[in-house]
Amino acid sequence: QVQLVESGGGLVQAGGSLRLSCAASGGAFTSYSMGWFRQAPEKEREFVAAISWSGSSVYYVDSVKGRYTISRDNAKNTVYLQMNSLKPEDTAVYYCAAMVKRLYSYSQRRSYDYWGQGTQVTVSS
């Protein structure tokens, strides 16, 4: 019922920037908290950032604080992840996710009900 489509990934040199977008359709986007996760090869999917339904609260994993910014435009049903000062260790497939109702913490995968297909981010040294 809810579809999420990520875009904006690609290849960038260390120190560069990328802006990821996640477009939602088929649900009540304005009532959902939204999150970004990433998964590197042979690693578990890890929490990156989250934003509340109103945009008034944001959360980040320590490794991206000061470099990444999550935002949303409810009029466009879209959430963004601005990534600056990229490092090779940021290389991963990035996924957006939608939380219909908060039952667990924002950083847990099980908190989210819908997931996008992912977009590849590769940072070269």
Side-chain angles (χ1 to χ4, degrees):
Q1 188 170 355
V2 174
Q3 296 82 44
L4 305 174
V5 180
E6 303 97 333
S7 61
L11 175 64
V12 65
Q13 291 184 319
S17 298
L18 286 172
R19 190 190 195 197
L20 306 184
S21 298
C22 175
S25 62
F29 176 82
T30 57
S31 70
Y32 301 159
S33 294
M34 300 293 295
W36 286 96
F37 289 73
R38 65 187 181 186
Q39 187 167 22
E42 306 301 322
K43 303 290 181 62
E44 69 178 30
R45 192 170 299 186
E46 68 171 348
F47 170 76
V48 177
I51 187 167
S52 64
W53 67 269
S54 67
S56 62
S57 299
V58 294
Y59 313 90
Y60 301 96
V61 67
D62 286 346
S63 61
V64 309
K65 287 181 179 177
R67 300 189 297 121
Y68 289 17
T69 302
I70 188 171
S71 62
R72 68 191 297 162
D73 186 340
N74 286 348
K76 296 181 178 179
N77 286 356
T78 301
V79 62
Y80 305 95
L81 187 68
Q82 178 67 47
M83 305 184 294
N84 299 327
S85 301
L86 284 163
K87 306 173 181 179
E89 51 262 47
D90 294 318
T91 295
V93 176
Y94 283 69
Y95 299 87
C96 69
M99 179 191 300
V100 175
K101 182 178 181 180
R102 185 176 179 183
L103 300 175
Y104 312 101
S105 78
Y106 58 86
S107 65
Q108 302 301 306
R109 294 187 298 275
R110 64 178 178 170
S111 298
Y112 297 86
D113 302 280
Y114 302 100
W115 294 82
Q117 83 289 345
T119 186
Q120 177 71 49
V121 171
T122 302
V123 184
S124 65
S125 60

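Everything numeric here is computed off the predicted structure, so don't read it as measured data.
Closest approach of Met99 to Ser111, counting heavy atoms only: CG-O, 3.3 Å. Ser125 and Pro88 get closest at one heavy-atom pair: CB-CG, 4.0 Å. Counting all heavy atoms, side chain and backbone alike, Gly26 lies closest to Val2 at O-CG2, 4.1 Å.
For the side chain to side chain contact (heavy atoms under 4.5 Å, CB included) criterion with Leu20, the lone passing option out of Val79, Ile70, Val48, Thr119 is Thr119.
Contact check for Val121 versus Arg38: no side-chain heavy atoms found under the 4.5 Å cut-off. Taking the side chain as every heavy atom from C-beta outward, Asn74 and Tyr32 never approach each other to under 4.5 Å. Under the 4.5 Å side-chain criterion, counting only non-hydrogen atoms from C-beta, Ser52 is not in contact with Tyr106.
Note that the OH atom of Tyr95 and the CZ atom of Arg109 stand 11.5 Å from one another [nearest 0.5 Å]. To the nearest 0.5 Å, atom OG1 of residue Thr69 and atom CE of residue Met83 are 11.0 Å apart. The CZ atom of Arg102 sits 7.5 Å away from atom OG of Ser33, with the distance rounded to the nearest 0.5 Å.
The aromatic rings of Tyr112 and Phe37 sit perpendicular to each other, their planes meeting at more than 60°, with 30° as the lower class boundary.
For the pair Asp90 and Lys87, the salt-bridge criterion is not met [side-chain N within less than 4.0 Å of a carboxylate O].
A cation-pi arrangement, defined by a distance under 6.0 Å to the six-membered ring centre and an angle within 45 degrees of its axis, is present between Arg72 and Phe29.
Residues satisfying the ring-ring contact (aromatic ring centres under 6.0 Å, His included) test with Tyr114, not counting sequence neighbours, are none.
In this structure, Leu81 is a member of the same hydrophobic cluster as Val64, with clusters built from ILVMFWY side-chain heavy atoms closer than 4.5 Å. Follow the hydrophobic side-chain contacts under 4.5 Å out from Trp53 and you never reach Trp36; the two are in separate clusters.
Evaluation of the side-chain hydrogen bond (donor to acceptor under 3.5 Å, both in side chains) test over residues 10-23, restricted to residues two or more places apart or in two chains, returns Ser17-Asn84.
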